[in-house]
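Beneath this line is the structure, given in C-alpha cells, with notes to follow.
As the structure lists them, so they are numbered: ligands from 1, and atoms in each ligand from 1.
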Amino acid sequence: MSANNSFSYEQLFARNAAEPAPLGMPRRGRYDFAVAYPDPETLPLDELVEGLRQALAEEGRDLAIYHHRQGYPPLREYVANKLARDRDIHVSPDDIILGDGSSQPIHMIVETLVDPGDVLLTEDFVYSGTLNTMRRFRADIRGVPCDEQGMLPDALEAAIRQARAEGKRVKFIYTVPTFQNPQGWTMPLERRQAMVELAQRYDVPILEDDCYVDLRYEGSDVPSLYALDGTGRVMYVASFSKIIAPGMRLGYMTAPRELLQRALAAKSGGAVNTFAAFAVHRFATGQLHSHIEVINDVQRRKRDAMLAALEEHFGDGVTWSRPQGGLYIWVRLPEQADLVSIRDRVLETEDVGYVPGTAFAADGVSGRNYMRLCFGYNTPEEIQEGIARLAAACRREGMLAD
Ligand SMILES: Cc1ncc(COP(=O)(O)O)c(C=O)c1O
C-alpha cells in the first residue's frame with residue numbers, strides 16, 4: 001500500500017464524465033446584473049420561519065422517514081391546485097414530481113430522452129443551464145431564429161424537416177415561452193398555437209419551461225402550451241426559485257405518466273428536502289399570492305429603472321428588450337462589439353457584472369455583441385449607477401459609437 005498522495009484520477013474518468021467545473025464562488029460585482037437573483041429585501045424570511053415552525057410542530061417527526069421520491073405530498077397538492085388555477089393544467093398530485101429547483105426535472109427529462117447525437121430544437125438564445133445539461137448528454141442542439149414573439153414558426157418547421165432529411169428525429173423542442181431567458185419576450189397566443197400545431201403535426205414533444213410566468217408586471221396572461229395541446233405532447237416544468245427564493249431549491253414537473261415514471265426513475269437523491277418543502281408549503285398556502293403581488297411591484301420599478309438608465313446612457317446603435325415581466329433585459333450592441341473580451345475588465349474596473357450573449361447561444365459561439373442584464377438584485381439607485389458605469393466602460397473600450 002502506498003501513501004503516495006500524487007494519485008491521479010485522470011485515467012479513471014468515465015467516457016461520459018462531465019467537463020470539469022470551476023470550484024469556488026465566482027467574483028460578483030457590486031452592480032450585479034449577471035445572475036438571476038430576486039430582490040433580497042422582499043424575501044419572506046419571517047413568514048418562511050413561521051411556516052416551518054408550524055409544520056415542524058405538526059409533522060416534524062416525519063423528518064425521520066424518507067418521503068416518496070416524488071416529494072412531500074401536501075406541496076404536490078398545492079402545485080396541482082396552482083397549476084389548475086393559474087395555467088389551466090389539470091393534473092393530480094400524483095402527476096407532479098418535485099425537484100431540486102426546476103433544474104433537476106429538466107436534467108431528468110434530458111437524461112430520459114436524449115441519446116448522444118439526438119437533435120433538440122430551442123430558441124437561438126436560451127437559458128444556459130438547460131443548454132449545459134443538453135450538452136452534458138451530447139445532444140445536437142439547434143437554435144431556431146426568434147423575433148420578439150418567440151421562435152419563427154417557418155424556421156421551426158424548416159428545422160424539423162431538416163433533421164428528418166438527415167434521417168434524424170427531433171427528440172423535443174425546449175422553450176421558455178413567457179418572459180424568455182435571456183431575450184425577454186413572451187410568445188403571444190397565435191405563436192403558441194402555431195408551435196403546438198407543429199408539435200402535433202410532426203409528432204415532436206415540447207418541454208415548456210414556465211419558470212418566470214408569475215412575474216408579470218403588465219399585460220395579460222397567455223395560456224400555457226400544455227393547456228393548448230391537450231394531447232400529451234407537452235412536458236411542463238416550473239419553480240419556486242423566482243417567486244420565493246432560489247435558495248429553497250424547489251421546483252416541479254408534470255408530464256404524461258409514461259414519461260413521468262421514467263423521469264422519476266432517473267431522479268437522484270430521493271425526495272426533495274422535506275425541511276424546505278415544509279416551509280414553502282405552509283408559506284405558499286396562505287401567502288404566496290399576495291407575496292407575488294408585492295415582489296412584482298418592486299421588480300416593476302427595478303425594470304423601469306433599468307430601462308430608463310439604458311435610455312439615458314446608451315446611445316444610437318444599441319437596442320434592448322422591454323419585457324412585460326421576468327428578470328432580464330437583453331441588450332444588443334453594434335455588430336463589431338465584443339462583450340466577451342471586456343467582461344472581466346468591466347467587473348474589475350467598474351464592479352459591474354453581466355453575462356455576454358454567447359453563454360445563451362444554442363450554437364455556443366454567437367452573440368458576442370449581446371448581453372443579458374438582470375435587474376432583480378440591486379436597488380433602482382444602484383441600477384442607475386451600474387448602467388452608467390457599464391455604458392462608460394463600453395464607450396471607453398470602443399464598443400459604442402461616439
Ligand atoms: C428558464 C429557466 N429555467 C430553469 C431555471 C432553473 O432554476 P431553478 O433550478 O432554481 O428552478 C432557470 C434559472 O435561472 C431559468 O432561467
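The distance between the ring centers of Tyr328 and Tyr212 falls below 6.0 angstrom. A distance of 6.0 Å or more separates the ring centres of Phe172 and Tyr174.
A salt bridge is absent between Arg301 and Asp304; no separation between the charged side-chain nitrogens and carboxylate oxygens falls under 4.0 Å. Looking at Arg30 and Glu385, no side-chain N of the basic residue comes within less than 4.0 Å of a carboxylate O on the acidic one, giving no salt bridge.
Scanning all protein heavy atoms for the shortest distance to atom 9 (O) of ligand 1 gives Ser103 OG, 2.5 Å. Given atom 12 (C) of ligand 1, the protein heavy atom at minimum distance is Tyr127 CZ, 3.4 Å. Here the protein heavy atom with the shortest distance to atom 13 (C) of ligand 1 is Lys242 NZ, 3.2 Å. The nearest heavy-atom contact from the protein to atom 7 (O) of ligand 1 is Ser102 OG, 3.6 Å.
Using cut-offs of 30° and 60° on the angle between ring planes, the pair His281 and Tyr78 is perpendicular.
In summary, the atoms of ligand 1 found under 4.0 Å from a heavy atom of Ser239, numbered by their order in the structure, are 8 (P), 11 (O). Listed by atom number, the atoms of ligand 1 under 4.0 Å from Ser241 heavy atoms are 8 (P), 10 (O), 11 (O). Applying the 4.0 Å criterion to heavy atoms of Cys211 picks out, from ligand 1, the atoms 2 (C), 3 (N), 12 (C), 15 (C). The contact set between ligand 1 and Gly101, taken as ligand atoms under 4.0 Å from a residue heavy atom, comprises 8 (P), 9 (O), 11 (O).
Ligand 1 has Arg249 within reach: a non-hydrogen atom of the residue lies less than 4.0 Å from it.
Residue Leu250 holds its CG atom at 6.5 Å from CG of Leu98, rounded to the nearest 0.5 Å. Rounded to the nearest 0.5 Å, atoms CE (Met151) and CD (Gln180) are 8.5 Å apart.
The residue from Tyr37, Tyr212, Phe240 that puts a heavy atom closest to atom 15 (C) of ligand 1 is Tyr212. When Leu250, Asp100, Asp209 are checked for heavy-atom proximity to atom 1 (C) of ligand 1, Asp209 turns out nearest.
Remark: Arg372 is not positioned above the aromatic ring of Phe125, lacking an NZ or CZ atom under 6.0 angstrom from the ring centre and at most 45 degrees off the axis.
Counting heavy atoms closer than 4.0 Å to ligand 1, residue Gln104 contributes nothing at all.
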